[in-house]
Amino acid sequence: MAATLVHQHKSISPPAGVEVWDIDPYDEAILTDPIPFFDALRAKGGLVYIPRYEILISGRYEETREIFYDHNRFLSSRGIGMADFKLEQPWRPPSIVLEVDPPEHTHNRRVIMRALSPAVVRKLEQDFIEDAKRLVDEVLAQGDIEAVSDIAEAFPTRVFPRAVGIKEPDARKLVDYGAMVFNAVGPDNDLRRRIMAKAPDIVPWINEQCDRSRLTEDGIGATIYSAADSGEIGEPEAGMLIRSLLSAGVDTTVSGIGSALWCLAQYPQQFQRLKSDPQNLCGPAFEEALRFCTPVQAFFRTAGEATTVAGVEIEEGTKILCVLGAANRDPAKFEDPDNFDILRDTRGHLALGVGVHSCVGQIIARAEGRAILGALGRRVNQIEFAGPPVWRPNNSMRALDSLPLKLS
Ligand code: OVV
């Protein structure tokens with residue numbers, strides 16, 4: 001390559017009319033306490049220029065949705081992180097569903113969609129409900145718990161690898177791989193370097209689990225491999241789709257469930273409300289937690305052409321950080337957005353994205369969330385903090401590091 005890339009993507013000057021904001025959105029103080037940053041971001045405009053990384057950033061609902069919805073102008077194939085895959089070698093072979101545009105995207109996504117059909121997930125949900133009941137009884141017997149490891153990590157790492165058909169799951173490696181994938185979305189900072197140092201330990205293990213021989217014959221993984229038998233995709237592509245499940249299916253739900261527990265401890269009246277009708281309110285409660293805490297806080301898109309958004313001229317090759325977490329707190333879209341209210345209308349929230357790339361695993365994620373919140377609502381009388389919650393910095397994920405709770 002002729003020129004060295006300063007920020008892993010094309011050098012971009014501030015477009016006319018946008019505010020230039022000299023801030024590092026990846027400062028650990030912001031990552032662990034993002035709400036004041038979100039408020040300031042939305043106040044500055046629909047698009048803001050960050051000179052430190054030569055990127056645009058959007059935090060208002062309308063612009064964020066417009067960019068995320070339009071896969072023709074705003075590409076995923078050039079990477080959903082700060083690095084432009086057209087100019088820089090990605091840290092792993094690109095995902096064939098996340099980091100790709102139509103028509104390849106459409107073809108590959110269809111295979112996952114079929115493997116995660118409503119009929120399949122309905123059956124899985126029965127197991128999830130049983131498992132959630134058992135797990136909640138276990139933690140209730142303990143009284144004081146560390147809810148990140150005891151519930152938020154324990155539940156998805158028990159049920160999800162089994163649903164995929166991983167014969168020998170390793171919860172730690174699955175969670176750490178998720179941390180790598182989500183930190184990789186950010187700049188080449190300390191956070192990213194620290195987790196990437198674990199790659200030699202984790203990446204080969206993950207890749208091995210994607211092999212057909214490592215999968216049971218009755219799981220989601222086997223259904224994906226059957227698409228290779230019929231010639232719809234190749235055998236290597238089937239392996240890559242398993243890798244996508246393992247990349248996107250663990251840390252996201254760990255974060256979503258952990259955050260939901262934090263919300264219910266923080267808003268005890270809302271937990272009592274959930275308890276009044278766990279069967280029907282477990283879904284809305286999980287949805288509101290997704291809006292309120294937004295596990296995937298931000299992904300990039302890359303402008304594939306010169307275009308405009310909200311009157312701002314955007315150059316081809318511009319990286320735009322779309323802050324879903326800020327959009328989900330936009331008062332222009334959600335009334336009283338900083339209030340956690342499980343009865344509110346959460347429709348349109350962007351926690352699972354929007355458009356062709358919206359979360360392909362959302363029905364299984366929601367089934368997990370409902371199962372665990374339903375079990376808590378039915379079996380637990382009170383959730384209280386047993387110590388201060390600690391957030392864990394990550395370049396794209398909002399997640400807790402520790403959440404001491406007392407369940408009674
Ligand atoms: C982090 C993430 C989200 C969605 C999909 C994937 C990864 C993937 O690897 O396909």
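Hydrogens, waters and symmetry mates play no part in the numbers below; they use all other heavy atoms, side chains included. In listed order, ligands and their atoms are each counted from 1.
Heavy-atom proximity to S95, at under 4.0 Å, picks out these atoms of ligand 1: 8 (C), 9 (O), 10 (O). Set against the non-hydrogen atoms of V97, the atoms of ligand 1 under 4.0 Å away are 10 (O). For ligand 1, the atoms sitting less than 4.0 Å from at least one non-hydrogen atom of F182 are 1 (C), numbered in the order shown with element in parentheses.
Comparing S247, S244, G361 against atom 10 (O) of ligand 1, the shortest heavy-atom distance belongs to S244.
Side chain of D150 to backbone of I145: no donor-acceptor contact under 3.5 angstrom is found. Of the possible polar contacts, one joining the Q297 side chain to the T294 backbone as a donor-acceptor pair under 3.5 Å is found.
Taking the six-membered ring where tryptophan is involved, the planes of H105 and H357 are tilted, since the angle between them lies from 30° to 60°.
Atom 6 (C) of ligand 1 has as its closest protein heavy atom L98 CD2, 3.6 Å. Closest to atom 4 (C) of ligand 1, if we only count protein heavy atoms, is A248 CB, 3.4 Å.
Using 4.0 Å as the threshold, R92 has a heavy atom nearer than that to some atom of ligand 1.
Checking only distances, R243 never comes within under 3.5 Å of ligand 1, N or O to N or O.
Taking the six-membered ring where the residue is Trp, the centroids of F340 and W262 are separated by 6.0 Å or more.
Geometric assessment of R344 against the ring of F334 yields a negative cation-pi assignment under the 6.0 Å and 45° thresholds.
Heavy-atom contacts from other residues, nucleotides or ligands closer than 6.0 Å to CG of D229 number more than 12.
Residue contacts with ligand 1 for M397 are absent, since no atom lies close enough (heavy atoms, distance under 4.0 Å).
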